[in-house]
Amino acid sequence: MTDQPVYNPAEIEPKWQARWEADGLYHADIKPKKPKHYAITILHYHYGDLHIGHWYAMTPSDARARFMRMRGYNVMFPMGFDAFGLPAENAAIKRGIHPKEWTYANIELMRKQLKSMGTMIDWRREAISSDPKYYRWTQWFFTQLHKNGLAYRKMAPVDWCPNCNTTLAREQVWGEDRHCERCGTPVIKKDLEQWFFRTTQYAEELLDFSHLDWPERVRILQTNWIGRSEGAIVTFRTEQGDALDVFTTRPDTLWGATFMVLAPEHPLVEKITSSEHKDIVHAYVQQTLRQSDIQRETVEREKTGVFTGGYAINPVNGERIPVWIADYVLMTYGTGAIMGVPAHDQRDFEFARKFGIEVLVVIQPPELPPLDGATMSEAVPAYGTMVNSGVLSGTPGDIAFDRAIEYVERIGAGRRSVNYRLRDWLISRQRYWGAPIPIVYCATHGAVDVPDDQLPVLLPDDVEWLPTGESPLKLHPTWKHTTCPICGGPAERETDTMDTFMCSSWYHLRYLSPDYDKYPFDPVEYDYWMPVDTYTGGIEHATMHLIYTRFFHKACRDMGIVKGPEPMLQLRNQGIVLGEDSEKMSKSRGNVVAPDHLVNRYGADTVRAYLMFFARWDMGGPWNSNGIEGTARWVRRTWNLITEPYNPGAPTEESVRNLRRKVHQTLRRVTRDFETFEFNTIVSSLMELLNDMYKAREMGVAGTPAWDEALDIYLRMMAPVTPHIAEELWAFLGKPYSVHTQSWPVVDEVAAADEIITLVVQVNGKVRDRILVPADISDDRAKQAALESPIVQKHLKGAPPRHVILVPGKLVNIVT
RNA sequence: GCCGAAGUGGCGGAACAGGCAGACGCGCACGACUCAAAAUCGUGUUCCCUCGGGAGUGUGGGUUCGAUUCCCACCUUCGGCACCA
């Protein structure tokens with residue numbers, strides 16, 4: 001008894017981590033004959049300490065990567081850091097240190113924490129987006145996009161975060177009050193000259209998920225974000241003769257347009273406004289501009305607007321209709337102008353009723369009583385038979401949409417059109433800690449790309465932050481002064497940097513060859529490893545990173561840089577770990593769970609296992625510190641079972657067979673659960689098996705070949721979940737290093753098969769009895785055995801059953 | 001308002017072709033060991049009950065021999081979008 005080792009994770013975990021690293025156990029190198037598996041967990045934003053949520057994202061992904069490796073795949077599981085960005089800059093300003101210093105200190109800390117988890121990360125492939133050897137290529141990609149017309153610069157009203165002092169992409173503005181995704185401050189509008197990527201050019205293709213195994217949740221979020229609408233663009237004409245395009249999803253209601261509305265920012269507003277309406281229109285426009293600077297949530301939703309005094313002609317019926325302006329029409333969607341069809345659109349209806357505009361019914365749904373524009377109390381948006389619509393009157397609702405478009409096209413007044421809610425991606429950031437946009441402005445040649453051989457455009461280290469909040473790049477005395485790459489004349493650098501989502505759009509390519517200096521990636525590595533097979537991360541990326549990286553890949557494919565339709569084939573999302581109070585973890589609430597503390601107390605293996613066990617991985621849920629004791633007990637019980645000396649017994653054949661059956665049934669289940677990312681039941685299945693192994697030892701099975709097989713399979717199944725203790729016990733049993741290079745065991749179907757089954761006997765659908773029968777019992781014998789049950793006899797009260805339903809191997813239901 | 005997800009014991013959760021509801025774990029109770037405590041081990045643990053049963057997976061219906069699972073309507077919670085023409 002005295003030589004039994006004590007379980008001490010603080011000793012064995014660092015020991016094996018060092019050994020694995022020294023041996024390069026997790027190095028992923030090209031092996032042409034082996035199937036590859038490229039798995040990535042979405043890279044961390046380097047906010048400092050890792051919290052339990054990072055572990056929750058990492059450990060099941062790591063366990064699955066390990067499982068895939070044991071299944072015979074050549075697995076690459078790399079890690080890197082999204083190191084540029086506002087928080088680094090803000091934190092640095094606050095602490096009075098350089099963002100670079102702060103960032104790299106954090107990375108050092110995070111790397112150490114990641115290693116303490118016992119992950120199978122191949123650290124040779126680490127990529128850090130703020131390294132010049134990385135952002136050289138981020139800049140190169142920008143240049144490629146620019147050369148191919150996918151990056152452009154324009155003056156536009158853009159979202160500005162007054163706290164972060166920078167513009168934001170539409171995707172980074174959240175919620176009803178339109179606040180900054182990072183700091184929560186409500187954004188304001190600013191007219192600025194900014195760089196955009198043409199994501200809208202890929203709107204249609206981004207809606208195609210046919211190549212992807214992605215959660216439906218994400219596909220729906222992206223589909224809604226892209227927001228495809230089918231309809232028509234119809235050209236009205238102002239009385240001055242200007243063309244005035246509207247986009248409509250209801251061309252069948254064209255004949256019911258009784259007014260038009262322009263967005264207050266619409267370019268034709270000035271021209272169309274009559275002299276007597278100038279003052280009021282001008283006042284309204286000014287008021288709108290001011291209002292968009294105020295928090296939207298405080299604005300009443302009642303429609304406002306003013307008449308311009310101008311009129312336009314409806315091309316389908318020649319009607320002269322008044323043109324209004326109103327802030328419910330947005331310049332950023334469609335054409336910035338709409339036709340008002342109050343009878344069939346609720347917004348138009350409210351507007352018309354408020355301002356006394358005629359409501360004209362042109363659609364009569366057959367199931368409704370005849371509509372009357374004068375008396376109706378709300379719009380009727382349903383499809384139906386066209387009425388009051390000239391030659392198209394009488395067209396039934398199911399074909400009205402198409403007929404109306406055909407008509408408009410025939411008379412040359414418009415065309416079928418598709419509109420998207422998606423906007424182009426604004427990538428300019430007025431901040432220092434990012435990849436500088438590689439553009440030089442020359443008085444003669446305009447915006448000129450920095451030539452490839454002059455990349456990277458390095459960030460200067462000698463910068464200071466002034467209280468103005470302006471980017472130090474702009475204020476730097478010399479940095480921006482340069483010469484034009486074309487004419488050599490004096491020129492100025494772009495002082496904006498790129499959105500960090502640009503850096504993270506291609507990091508999966510940099511992992512392939514982080515030191516390669518001839519191209520963003522080594523094409524040989526690309527051809528072997530890409531695309532990413534399994535990508536895991538939080539749902540919060542659905543309409544940001546996960547759209548950007550798909551756009552980026554498709555754009556690069558069209559530029560001949562990468563291949564295939566998609567960058568990441570399979571996506572799985574983990575949920576969020578909440579604090580013990582069921583609230584989101586935050587420092588201000590004081591409910592943050594610190595993984596380092598837990599590792600010190602229980603060891604990384606226990607923390608890993610508990611994170612996999614305590615909730616459904618895709619759901620997450622509140623943390624419970626008491627619950628981890630159960631997992632700690634399981635780990636210790638595993639240790640004790642294997643290290644305790646046992647007395648060989650004389651087991652019955654049955655108890656040996658029972659153990660083997662349980663082992664192989666568990667193996668079948670654990671294998672399936674790893675495949676389907678159901679990590680909680682992997683751990684519970686292993687707990688169940690361990691309980692049975694304890695019972696088997698009681699029965700004297702320890703020491704038999706079946707016992708050795710059970711230990712062998714158990715440790716292999718445990719290895720991905722708890723890599724350190726599995727390795728230690730594997731070595732304790734004298735098996736060859738390493739358990740992590742062993743193959744995944746194969747289910748022995750004969751051993752796993754049940755010989756005796758419990759047949760459930762129901763009477764009228766209620767369980768009345770359970771009888772043991774041989775698994776291969778015939779249908780007739782099974783029914784007979786059920787009917788012979790005394791309990792069944794009692795319930796039948798002598799009457800013959802009307803039906804006897806048999807589900808082979810499961811149950812018999814007797815219906816009276 | 002629109003789109004989506006989720007509702008199962010005191011708690012986290014399981015039930016993966018429509019077929020034993022509550023696996024596994026936490027917590028709790030009792031017992032063993034101990035002078036005692038911790039740790040460990042064992043037993044029990046959905047509710048009601050007249051001990052024969054009865055009820056039960058958010059609510060109300062439906063399909064079925066049989067529904068946590070399928071269909072319809074609704075309620076609650078969470079997430080996303082939101083004057084998108």
Legend entry - Protein proximity profile, nucleotides 39-46 of chain B - base contact B, sugar-phosphate-only contact S, no contact -, cut-off 4.0 Å on heavy atoms: -SS-----
Inset, instruction - Would you verify whether the NZ or CZ of Arg421(A) falls within 45 degrees of the ring axis of Trp225(A) while also being under 6.0 Å from that six-membered ring's centre? - result: yes
Inset, instruction - Using the ring of Phe677(A) (Phe, Tyr or Trp, six-membered ring only), decide whether Arg64(A) places NZ or CZ under 6.0 Å from its centre and within 45 degrees of its axis. - result: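 That pair qualifies as a cation-pi contact.
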Legend entry - Closest contact, heavy atoms only, Val246(A) versus Met339(A):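 Minimum heavy-atom contact is CG1-N, 3.8 Å.
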Inset, instruction - Classify the ring geometry between His541(A) and His545(A) as parallel (under 30°), tilted (30 to 60°) or perpendicular (over 60°). - result: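 Geometry flag for His545(A) against His541(A): perpendicular rings.
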Inset, instruction - State which residue, out of Tyr56(A), Trp623(A), Tyr602(A), fulfils the ring pair (Phe, Tyr, Trp, His ring centres under 6.0 Å) condition with Tyr610(A). - result: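 Filter result, single survivor: Trp623(A).
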Atom pair distance, as rounded to whole Å: [atom1] in [X] and [atom2] in [N]:
X         : N      : atom1 : atom2 : answer
Gln665(A) : C24(B) : CD    : C1'   : 16 Å
Arg178(A) : C81(B) : CZ    : C1'   : 12 Å
Glu583(A) : C78(B) : CD    : P     : 10 Å
Asn573(A) : G4(B)  : CG    : C1'   : 13 Å
Glu580(A) : C11(B) : CD    : P     : 16 Å
Ile338(A) : A85(B) : CD1   : P     : 11 Å
Arg228(A) : A85(B) : CZ    : C1'   : 16 Å
Asp327(A) : A85(B) : CG    : P     : 17 Å

Looking only at atom types and distance, does a side-chain atom of [X] sit under 3.5 Å from a main-chain N or O of [Y], one as donor and one as acceptor?
X         : Y         : value
Thr238(A) : Ala312(A) : no
Arg415(A) : Val234(A) : no
Asn573(A) : Gly537(A) : yes

Nearest of [options] to any side-chain atom of [X]?
X         : options                : answer
Arg768(A) : G19(B), C3(B), G53(B)  : G53(B)
Arg421(A) : C83(B), A55(B), C81(B) : C81(B)
Arg170(A) : C65(B), A55(B), A82(B) : A82(B)
Val767(A) : A21(B), C24(B), A85(B) : A21(B)

Legend entry - Aromatic ring proximity, centroids under 6.0 angstrom, Trp324(A) and Phe259(A):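 Here the rings of Trp324(A) and Phe259(A) have centres that are no less than 6.0 Å from each other.
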Inset, instruction - Taking the six-membered ring for Trp and the full ring for Phe, Tyr or His, determine whether the centres of Phe613(A) and Trp634(A) are under 6.0 Å apart. - result: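 No, the ring centres sit 6.0 Å or more apart.
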Distance between the [atom1] atoms of [N] and [M], in whole angstroms?
N      : M      : atom1 : result
G54(B) : A67(B) : P     : 15 Å
C33(B) : G42(B) : C1'   : 11 Å
A14(B) : U8(B)  : P     : 11 Å
G58(B) : G13(B) : P     : 14 Å
A38(B) : C30(B) : P     : 13 Å
A39(B) : C26(B) : P     : 12 Å
A15(B) : U57(B) : C1'   : 11 Å
G62(B) : U69(B) : P     : 15 Å

Legend entry - Contact nearer the 5' end of RNA chain B, comparing Tyr328(A) with Ile539(A):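 Taking each residue's closest nucleotide, the earlier one in sequence belongs to Ile539(A).
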Inset, instruction - On RNA chain B, check which nucleotide each of Met331(A) and Asn224(A) is closest to and give me the residue with the more 5' one. - result: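 The residue closer to the strand's 5' end, by nearest nucleotide, is Asn224(A).
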Donor-acceptor side-chain pairing of [X] and [Y] below 3.5 angstrom:
X         : Y         : value
Asn640(A) : Tyr694(A) : no
Asn691(A) : Arg637(A) : yes
Thr199(A) : Tyr548(A) : no

Inset, instruction - Taking syn as within 90° of 0 and anti otherwise, name the glycosidic form of G9(B). - result: syn
Inset, instruction - May I ask you to verify whether the side chain of Lys303(A) and the base of C83(B) hold a donor-acceptor pair under 3.5 Å? - result: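 Such a pair exists between side chain and base.
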Inset, instruction - Kindly say whether, by distance alone, the side chain of Gln762(A) makes a donor-acceptor pair under 3.5 Å with the base of G19(B)? - result: yes
Inset, instruction - Could you tell me whether Arg178(A) and Asp159(A) have a side-chain N and a carboxylate O separated by less than 4.0 Å? - result: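 Answer for the salt bridge query: yes.
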For a quick check of understanding: with a heavy-atom distance under 4.0 Å over all strands, which category does [X] fall into, base, sugar-phosphate or nothing?
X         : value
Lys584(A) : nothing
Val329(A) : base
Trp634(A) : nothing
Val807(A) : base
Ile220(A) : sugar-phosphate
Leu221(A) : sugar-phosphate

Below 3.5 Å is the cut-off: list the nitrogen or oxygen pairs between protein and nucleotides 12-15 of chain B, distance only.
residue: G12(B); atom: O2'; partner: Phe614(A); partner atom: O; Å: 2.2
residue: G13(B); atom: O3'; partner: Asn680(A); partner atom: ND2; Å: 3.1
residue: A14(B); atom: OP1; partner: Asn680(A); partner atom: ND2; Å: 2.9

Inset, instruction - Verify salt bridge (Lys or Arg N to Asp or Glu O under 4.0 Å) between Asp779(A) and Lys783(A), making sure each step is shown before the conclusion. - result: CA-CA 6 Å; Asp779(A) 290 1; Lys783(A) 286 181 188 177; over 6 Å; no
Legend entry - Phosphate OP1/OP2 of C65(B) contacted by Lys783(A) side-chain N/O (<4.0 Å): no
Inset, instruction - Return the stems involving RNA chain B, sorted by first number, where pairs are Watson-Crick (N1-N3 with N6-O4 or O6-N4) or G-U wobble (N1-O2 and O6-N3), both under 3.5 Å, and runs are 3 or more long. - result: B:1-7 with B:75-81, B:10-12 with B:24-26, B:27-32 with B:40-45, B:46-48 with B:53-55, B:58-62 with B:70-74
